[in-house]
There are 2 protein chains.
Amino acid sequence: MDDIDRRLLAALQEDATTSYAALGAAAGLSAGAAHERVRKLRERGVIRRTTVDIDPAAMDLDVLAFVLIDGATWMGDEPTSTALAAIPEVEEAHVVAGSASVLVKVRTTGTGALQDVLRRLYEVPGVSATEAVVALDTFFERPPWFHREAKG
Amino acid sequence: MDDIDRRLLAALQEDATTSYAALGAAAGLSAGAAHERVRKLRERGVIRRTTVDIDPAAMDLDVLAFVLIDGATWMGDEPTSTALAAIPEVEEAHVVAGSASVLVKVRTTGTGALQDVLRRLYEVPGVSATEAVVALDTFFERPPWFHREAKG
DNA sequence: AGTGAAAACCATGCAAT
DNA sequence: ATTGCATGGTTTTCACT
């Protein structure tokens, strides 16, 4: 993981359709060498997948909320993860430190669907209370490590 | 935005390196037609970008926190957005309803760097208090609308 | 809007360094 | 690990439907 790798990752994160020739030019490498480095970045799991970023609004996902979940029992284990992953509207789930046990990010088509997700969250074993923080406007959402300078 | 578009989006979200021939086969279309559909999805902004999903741990981003920000003044406008976007460690920023004004998602290389981000957050005009909820473990993080069945 | 084929372009493998 | 080149596959265009 050197400077060249970081430059390749920055270019790919911005536009993964960039050709290996252009990628090489951006990193000071030939197309073949760029190809080989990217192959290894995938192999090592640094690049987890190549994907498309879809506008949630186009999918009618207009309501975003963060839900702080209090647990009556320990919720940091596998069964909780599986139960939360089974709810498609739950985009992220994290075990957190603080008064809450788990924090989930939820995206739904409306407030009615959000209410339904909260109902399903209460059916997850251990959940004793929830507090929803509803987003009114999203300033921005960007990938981790986006556009940061590749510094040695 | 019909069933075919949803099938194309689902396939691309799972693996954006899929060829148009394979994409067409998955959606019941020729390669040319699949290409044209995807071109239009990009044009309409449904597909915002083609990108790579990078493992944060590979970038030494080991600490994740959600910070609830209280504001002494109205923070729902442009200057706040710009000030928050200027902090690279801030991955997301949302105006929220509830006791807090803004919620940000922050990823840093350690607790020291997190403390530094909190310091910079206090320098954003209007910020009167912050409450950080630190993630101990991430169950999962997936794209919006991931892997949902394309139903009419 | 979709098809099928042609043409331009790119990914991928390889010999050499 | 990188280069330059060859080749096969893919993207992209186009006339037709």
Side-chain angles (χ1 to χ4, degrees), chain A residues 1-61 143 145-152, chain B residues 1-61 143 145-152:
Chain A
M1 172 58 56
D2 59 0
D3 226 33
I4 294 174
D5 281 339
R6 276 186 284 270
R7 254 183 280 224
L8 292 171
L9 289 171
L12 283 172
Q13 207 171 42
E14 193 158 5
D15 181 5
T17 69
T18 311
S19 74
Y20 286 111
L23 236 41
L29 244 55
S30 73
H35 184 264
E36 178 64 8
R37 304 234 3 181
V38 172
R39 194 192 62 73
K40 281 178 186 163
L41 286 168
R42 285 186 208 281
E43 190 184 52
R44 274 188 267 151
V46 175
I47 296 174
R48 294 196 284 211
R49 59 154 32 93
T50 302
T51 188
V52 289
D53 175 22
I54 294 174
D55 181 6
M59 255 55 218
D60 294 314
L61 296 170
W145 191 77
F146 193 63
H147 256 262
R148 276 185 238 188
E149 266 326 293
K151 34 126 192 170
Chain B
M1 172 57 57
D2 59 0
D3 225 35
I4 294 174
D5 281 339
R6 277 186 282 269
R7 253 182 282 220
L8 293 171
L9 289 171
L12 282 172
Q13 206 171 43
E14 192 158 8
D15 181 7
T17 68
T18 311
S19 74
Y20 287 111
L23 236 41
L29 246 53
S30 73
H35 183 264
E36 178 64 8
R37 287 255 190 174
V38 172
R39 193 193 62 74
K40 282 178 186 162
L41 286 168
R42 286 186 207 280
E43 191 184 51
R44 274 188 266 150
V46 175
I47 296 174
R48 294 196 283 210
R49 62 158 23 98
T50 303
T51 187
V52 289
D53 174 24
I54 294 175
D55 181 6
M59 255 55 219
D60 294 315
L61 295 170
W145 192 77
F146 194 64
H147 256 263
R148 278 187 236 186
E149 264 326 292
K151 34 125 191 170

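These numbers were taken from a predicted model, which means no experiment stands behind them. Quick note on labels: first sequence line is chain A, next is B, and so on, each numbered from 1.
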Worksheet item: Atom OH of A:Tyr20 to atom P of D:dT2: distance rounded to whole Å?
Response: 15 Å
Response to the item:
Within residues 44-53 of chain B, those residues having any heavy atom closer than 4.0 Å to DNA chain C are none
Discussion item. Could you check whether any side-chain heavy atom of B:Val52 comes within less than 4.5 Å of a side-chain heavy atom of A:Arg49, counting everything from C-beta outward?
Written reply: no
Item to complete: Would you name the heavy atoms of B:Leu8 and B:Leu23 that are closest together and state the gap between them?
Response: CD2-O, 3.8 Å
Worksheet item: Looking only at heavy atoms, what is the nearest atom pair of A:Arg6 and A:Trp145, with distance?
Response: O-CH2, 3.3 Å
Worksheet item: Residues in salt bridge (charged side-chain N to carboxylate O under 4.0 Å, His left out) with A:Glu36, at least two apart?
Response: A:Arg39, A:Lys40
Worksheet item: Quick one: B:Leu8 CG to D:dT11 P, roughly how many Å, whole number?
Response: 13 Å
Item to complete: Any chance you could lay out the side chain to side chain contact (heavy atoms under 4.5 Å, CB included) test for B:Glu14 and A:Thr51, step after step, and finish with the verdict?
Response: CA-CA 6 Å; B:Glu14 192 158 8; A:Thr51 188; over 6 Å; no
Worksheet item: So do A:Met1 and A:Asp5 actually touch side chain to side chain, heavy atoms under 4.5 Å?
Response: yes
Item to complete: Could you list the residues that satisfy salt bridge (charged side-chain N to carboxylate O under 4.0 Å, His left out) with B:Asp15, not counting sequence neighbours?
Response: none
Worksheet item: Which atoms form the tightest heavy-atom contact between B:Thr50 and A:Thr50, and what is the distance?
Response: CG2-CG2, 4.4 Å
Worksheet item: Do B:Asp2 and B:Arg7 meet the salt-bridge criterion of a basic N to acidic O distance under 4.0 Å?
Response: no
Worksheet entry | Listed partners of B:Arg48 passing side-chain contact (heavy atoms from CB on, under 4.5 Å), at least two apart | A:Asp53, A:Asp55, A:Pro56
Item to complete: Look at B:His35 and D:dT12 and indicate whether a side-chain polar atom (N or O) is within less than 4.0 Å of OP1 or OP2.
Response: yes
Worksheet, complete the sentence: Going 5' to 3' through nucleotides 1-9 of chain C and flagging B where a protein heavy-atom sits under 4.0 Å of the base, S where only the sugar-phosphate is that close, and - otherwise, we get SSB------
Practice prompt. Quick one: stems involving DNA chain D, counted as three or more successive Watson-Crick or G-U pairs, both distances short of 3.5 Å.
Written response: C:1-6 with D:12-17, C:8-17 with D:1-10
